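Beneath this line is the structure, given in structure tokens, with notes to follow.
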Amino acid sequence: MSDAASDIGLIGLAVMGQNLALNIADHGFKISVYNRTTEKMTAFVADHPDTPGDLVGQASMSDFVQSLKSPRKIVIMVKAGAATDAVIEGLVPLLDKGDIIVDGGNANWNDTIRREQDLNAKGIWFIGSGVSGGEEGARFGPSLMPGGTPEAWQELEPIWKAIAAKVDAETGKPLEGAAPGKPVEGGVPCTAYIGENGAGHYVKMVHNGIEYGDMQMICEAYDLMKHLLGLSAGDMAAIFKQWDNGMLDSFLIEITAEVLAQKDPETGADFVDVVLDTAGQKGTGKWTAISALDMGVPSPTIAEAVFARCLSAIKEERVAAAAILPGPNTPFKGDKDAFVQAVHDALYCSKICSYAQGFQLMRAAQKEYGWDLNFGEIAQIWRGGCIIRAGFLQKITEAYERDADLANLLLDPYFKATIEQFASNWREVVATAALHGVPVPTFATSLSYFDAYRSARLPQNLLQAQRDFFGAHTYERTDKPRGEFFHIDWPDPARPQITA
């Protein structure tokens, strides 16, 4: 390859692919781009003639591959699943041993494990990299979560660290001010090697599951203030803006304030009130809940956030039910300002539980797949670029710095003390919501999770006795060592016979 060859290539020029390519070019790297539709590639390159690095379009996949420096680094930004497999299948005959394919889509981690095995057998390296931050993050600095072989990561690392979001080394707050052609200088990059094979895509999936929880919790806070307290969208915008300046500061709280302050361009009404209450989803939250169920890891807050979106989707059925099923119709009579503070506290406590569940899930996946995950570092790279970026994440990093083997975030001194401080308000909010018929699935489920986790004895002793009764599933005893199982001869309960 000549010195004029490109440093990296990118396939797939939808919104995310275009913005990631521009980000790479902004940092001075020469990048070749290819799209299945040549016209789209040609228009994209023509629209951006002045990038600091070279943006080079290639009309054929063969020319695209030949334009890259060795070892070739190729980023795929196409739809997850069959489309990704099709691109890989087309690339393989054109590549040499030691070349690197990077999947930057929202791939299922099992697909990533399979693809790495298949490609490594052919001598080609494969990296599955989570890319979080949406369109703006891809353009000006995403959070990047690469998984694969360390050797492949060493080749990709300089580019990934250059284009990732940056945070202040001391405060951990995102560095802002990036503009087309003028990336942010300095700071700590929001990327790090996650682990082998599917680790990067798994961590990105859990990130998205946590994101589902964060968004649903914010919706519940909004719903309580709107329907119980009767606050206007403008009033709530001011409250969320205030919260964003405190311990709840985060990208999602920030944009919630902006959304609530927005007026509808067509009617002049509050924009939020003209948006239909049916939420979409792309599947990563569902994958998180399914993975938790498969591994037996309690992640009820994340699951409830997914179910809340599912319930929102049956709009016509809910409208019909609203005319048939009555609920409480009692006005709120408490102190509104005090209740707003209680909602703040309930949101923070529920957030702690949701993240605790997400990190427990990653801890279980680490054992399941043989990964070596650095949980404090994962929290660090989520501080900038990604959708869940928040000051809260610094507290998680500090928790794992205190105890790298922390079993659950709830056991960390900071989070323990915070919940102790806010617990009464949290309980008040959940109880008040129930009495007034306002659904708060993630607030309530997080509280139940907390109460169950802190219980030395749960009622599943009765459940296991029931299982032994109808299915001879056996049980363990409180007065015998763990691992010894027993069964009662239930058909004659007057004379139970206990057998080992």
Side-chain angles (χ1 to χ4, degrees), residues 1-13 16-17 20-21 23-25 27-35 53-56 58 60-78 80 83-107 109 111-131 138 142 144-164 189 191-204 371:
M1 289 294 167
S2 70
D3 292 339
S6 294
D7 300 297
I8 192 168
L10 185 143
I11 296 176
L13 293 173
M16 287 291 287
L20 197 66
N23 186 358
I24 292 170
H27 286 83
F29 297 103
K30 184 174 183 179
I31 177 170
S32 294
V33 294
Y34 170 80
N35 196 73
D54 288 335
L55 190 64
V56 183
Q58 301 291 344
S60 74
M61 190 175 283
S62 177
D63 289 344
F64 167 80
V65 170
Q66 290 304 311
S67 72
L68 303 176
K69 291 178 183 177
S70 183
R72 302 178 180 97
K73 294 174 281 293
I74 299 171
V75 182
I76 300 175
M77 296 295 291
V78 302
T84 300
D85 283 328
V87 172
I88 292 173
E89 185 177 344
L91 279 172
V92 166
L94 305 173
L95 299 181
D96 296 325
K97 289 185 177 181
D99 288 343
I100 302 164
I101 296 175
V102 182
D103 179 8
N106 268 335
W109 77 98
D111 287 341
T112 302
I113 292 172
R114 167 180 58 81
R115 288 167 183 149
E116 191 200 48
Q117 289 175 342
D118 291 346
L119 288 167
N120 284 180
K122 297 177 175 69
I124 298 169
W125 298 117
F126 185 72
I127 290 177
S129 180
V131 179
L144 298 166
M145 294 153 259
T149 58
E151 294 88 346
W153 165 239
Q154 287 174 8
E155 294 290 339
L156 183 65
E157 184 177 5
I159 298 175
W160 244 224
K161 285 191 172 180
I163 69 170
T191 187
Y193 177 69
I194 301 298
E196 296 183 349
N197 48 68
H201 274 143
Y202 191 91
V203 167
K204 172 57 163 60
W371 300 327

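What you see is a predicted model, and the numbers here were worked out from it, not measured in a lab.
In this structure Ser32 satisfies the side chain to side chain donor-acceptor pair (under 3.5 Å) test together with Ser6, Ser67, sequence neighbours excluded. Under the rule for a side-chain contact (heavy atoms from CB on, under 4.5 Å), the partners of Asn35 that lie at least two apart in sequence or sit in another chain are Leu13, Thr37, Lys40, Met41.
For Trp109 and Asn197, the side-chain atoms include no donor-acceptor pair closer than 3.5 Å.
The nearest pair of heavy atoms linking Asp85 to Arg114 is OD2-NH2, 3.2 Å. Across every non-hydrogen atom of Ala25 and Ile31, the tightest pair is CB-CG2, 4.1 Å.
Salt bridge Arg115/Asp118: absent, no basic N to carboxylate O contact under 4.0 Å. Ion pairing between a basic and an acidic side chain is recognised when a charged N comes within 4.0 Å of a carboxylate O; Lys73 and Asp7 show no such pairing.
Between Arg72 atom CZ and Asp99 atom CG the span is 4.5 Å, to the nearest 0.5 Å. Distance check, rounded to the nearest 0.5 Å: CD1 of Ile11 to CG of Asp103 gives 11.0 Å. Considering CG of Leu68 and CG of Asp96, their distance stands at 11.0 Å, rounded to 0.5 Å. With rounding to the nearest 0.5 Å, the separation of OH in Tyr193 from CD in Gln154 is 10.0 Å. Once rounded to the nearest 0.5 Å, the distance linking OG1 of Thr112 with CD of Glu196 reads 14.0 Å.
Within the 4.5 Å cutoff, side-chain heavy atoms of Trp153 are placed close to those of Thr191. Counting heavy atoms from C-beta on, the side chains of Leu144 and Val131 come closer than 4.5 Å. Asn120 is listed as a side-chain neighbour of Trp125, based on a closest heavy-atom distance under 4.5 Å. Between Ile24 and Leu55, every side-chain heavy-atom pair lies at or beyond the 4.5 Å cut-off.
Among Leu95, Ile74, Ile76, the one residue that satisfies the side chain to side chain contact (heavy atoms under 4.5 Å, CB included) test with Ile88 is Ile76.
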